[in-house]
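All values derive from a computational prediction rather than experimental measurement. A, B, ... follow the sequence lines: proteins, then strands. Residue 1 opens every chain.
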There are 2 protein chains.
Amino acid sequence: MSAPLAHLVDDDDAMRDALAWLLRSRGIDSRAWNCAEAFLGDYRADMRGCLVLDIRMRAMTGLELFDHLLALDCAMPVIFLTGHGEVPQAVKSLKKGAFDFLEKPFDDNELADRVIEALARDTDNRARGQLIDQTQKRLANLTQREQEVMKAILAGKMNKVIADELDIAMRTVEVHRAHVFEKMAVRSAVELTQLLAQLPR
Amino acid sequence: MSAPLAHLVDDDDAMRDALAWLLRSRGIDSRAWNCAEAFLGDYRADMRGCLVLDIRMRAMTGLELFDHLLALDCAMPVIFLTGHGEVPQAVKSLKKGAFDFLEKPFDDNELADRVIEALARDTDNRARGQLIDQTQKRLANLTQREQEVMKAILAGKMNKVIADELDIAMRTVEVHRAHVFEKMAVRSAVELTQLLAQLPR
DNA sequence: GGCGATATTGTGGATATCCACTACCCGCGC
DNA sequence: GCGCGGGTAGTGGATATCCACAATATCGCC
């Protein structure tokens, strides 16, 4: 597992060095690539931290790289660096979920602040993401019948009603109910509800 | 209660007319103001629809108007119209919750599409907002004790545990519990949990 | 002083849930 | 054939929740 890192992608050697130095001065480690393709080649889903992408690069642009990463379910926050006057791209990127969009020449402190925020965001995302993953694994581990019963429980139905609807004995519902609680690692319907309420809706 | 409407604020007479005509051709009613101050004077919290704001106006700018509206808890989606090259403002506005940010000259169809989306968003927001308002009113209607008991219920505690912690009889907890369910208009702890899970966290 | 809201408690019974022990049936894979 | 996972089901008891009926006490307000 890699440590949180600012991942810089820019084809301007001087800019990469300047960024790395700036971030280092604020206590942030970074790693740099000189083109989008190189980054994609090294990309791994367990990378942690944030991305700082230059928009204009010779081959693949920062925006195209962003699209590729979205397709790969990359959850790292992305900060774009851009020249002047690219409002439509900025708007589009932010709506797609980019973390920020800074116009060159940017203020050093501002960029560093944004990177710090982005790193914090990533840490939050990871924590929430793990919980979600775990919960979904547990959900997937329920049998068909158990899922049906769970759904009914979440609808607030009593065991005898559920038994009636599924046309099985109340005792059987109790068994499924207990299995649901056990597999979902909760001890009550309330806990179950709260757990599932955290899933993306 | 006013009907959903596109609220146009632009100090360019020709632009207002063009916008109104464009929207009308797509079946969208609109009302127009020639300056931010005039709109603020007419603004009412129960206005429904969306806003289309020109950024550059003689006195108060669209951005300043947006800030005023945010302070007034205005929930209508805002679409900004802007000249070229205002990336920082666009980014800032979107992060504050603006719905969109279009650069002039914009494509007529695109703008109309965005307005339609914004109107739909407003309708959604209203529906959710009403539920939230109602729920919060009900929450505020709970007595101190009832809120304490509710909190404990949501923590999954059994009545006897709650009684122990609050140092009261179990019977009293039952009474408070019943009051909570009654006042919140739910019939079980599960329903209560689901209701509260919809509140902004 | 009475009235209403709030908080408190009791009794007793109807329901519901939780749980241990037990058991049968079916389909699938080794 | 036998084990295993999954679904089904009964008995019986321990707990918990829900609720009707009833009562006491405090506090603020008209």
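Of the side-chain N and O atoms in A/Asn159, none sit less than 4.0 angstrom from OP1 or OP2 of C/dA16. Phosphate proximity of D/dT15 to B/Lys160: absent, as no side-chain N or O sits under 4.0 Å from OP1 or OP2. Side-chain N/O atoms of A/Arg145 include one lying less than 4.0 angstrom from OP1 or OP2 on D/dT8. The phosphate of C/dT8 (OP1 or OP2) has a side-chain N or O of B/His176 nearer than 4.0 angstrom. Remark: A/Arg171 is not in phosphate contact with D/dT8, judged by side-chain N or O atoms under 4.0 Å from OP1 or OP2. Between A/Thr143 and D/dG7 there is a side-chain polar atom (N or O) within less than 4.0 angstrom of OP1 or OP2. Between B/Thr172 and C/dA7, a side-chain N or O to OP1/OP2 separation shorter than 4.0 Å is absent.
The side chain of B/Arg177 lies closest to D/dC18, out of C/dT8, D/dT17, D/dC18. Closest to the A/Ile168 side chain, of the nucleotides C/dT8, D/dC19, D/dA9, is D/dA9. Distances from the side chain of B/Gln144 to the nucleotides C/dA7, C/dT9, C/dT6 place C/dA7 closest.
Along DNA chain D, the nucleotide nearest to A/Glu146 and the one nearest to B/Met170 differ in position, and the one closer to the 5' end is contacted by A/Glu146. The 5' end of DNA chain C is approached more closely, in terms of each residue's nearest nucleotide, by B/Asn141 than by the other of B/Asn141 and A/Arg187.
One atom, CD of A/Glu174, and another, P of C/dT15, lie 17 Å apart when rounded to the nearest Å. The NE2-C1' distance, from A/His179 to C/dA20, rounds to 13 Å in whole Å. Rounded to whole Å, atom C1' of D/dG7 lies 15 Å from atom CD of A/Gln147. Here C/dA5 presents its P atom at 13 Å from CD of B/Glu182, a figure rounded to the nearest Å. Across the protein-nucleic acid pair, A/Leu166 atom CG and D/dT8 atom P stand 8 Å apart, rounded to whole Å. Note: CE (A/Met158) to C1' (D/dA16) measures 14 Å, nearest angstrom. Atom-to-atom, CG of A/Leu142 to P of D/dG5 comes out at 16 Å; the value is rounded to the nearest Å. Distance CZ (B/Phe181) to P (C/dA16): 15 Å, rounded to an integer number of Å.
Partner A/Glu165 forms a salt bridge (charged side-chain N to carboxylate O under 4.0 Å, His left out) with one of A/Lys160, A/Lys157, A/Lys151 and no other, that one being A/Lys157. Evaluated for a side-chain hydrogen bond (donor to acceptor under 3.5 Å, both in side chains) with A/Asn159, the options A/His176, A/Arg177, A/Arg171 yield exactly one hit, A/Arg177.
Using a 4.5 Å heavy-atom cutoff, the side chains of A/Glu86 and A/Arg56 are in contact. Counting heavy atoms from C-beta on, the side chains of B/Val87 and A/Leu102 never come closer than 4.5 Å.
Ring geometry for A/Phe39 versus A/His7: interplanar angle over 60°, hence perpendicular rather than tilted (30 to 60°).
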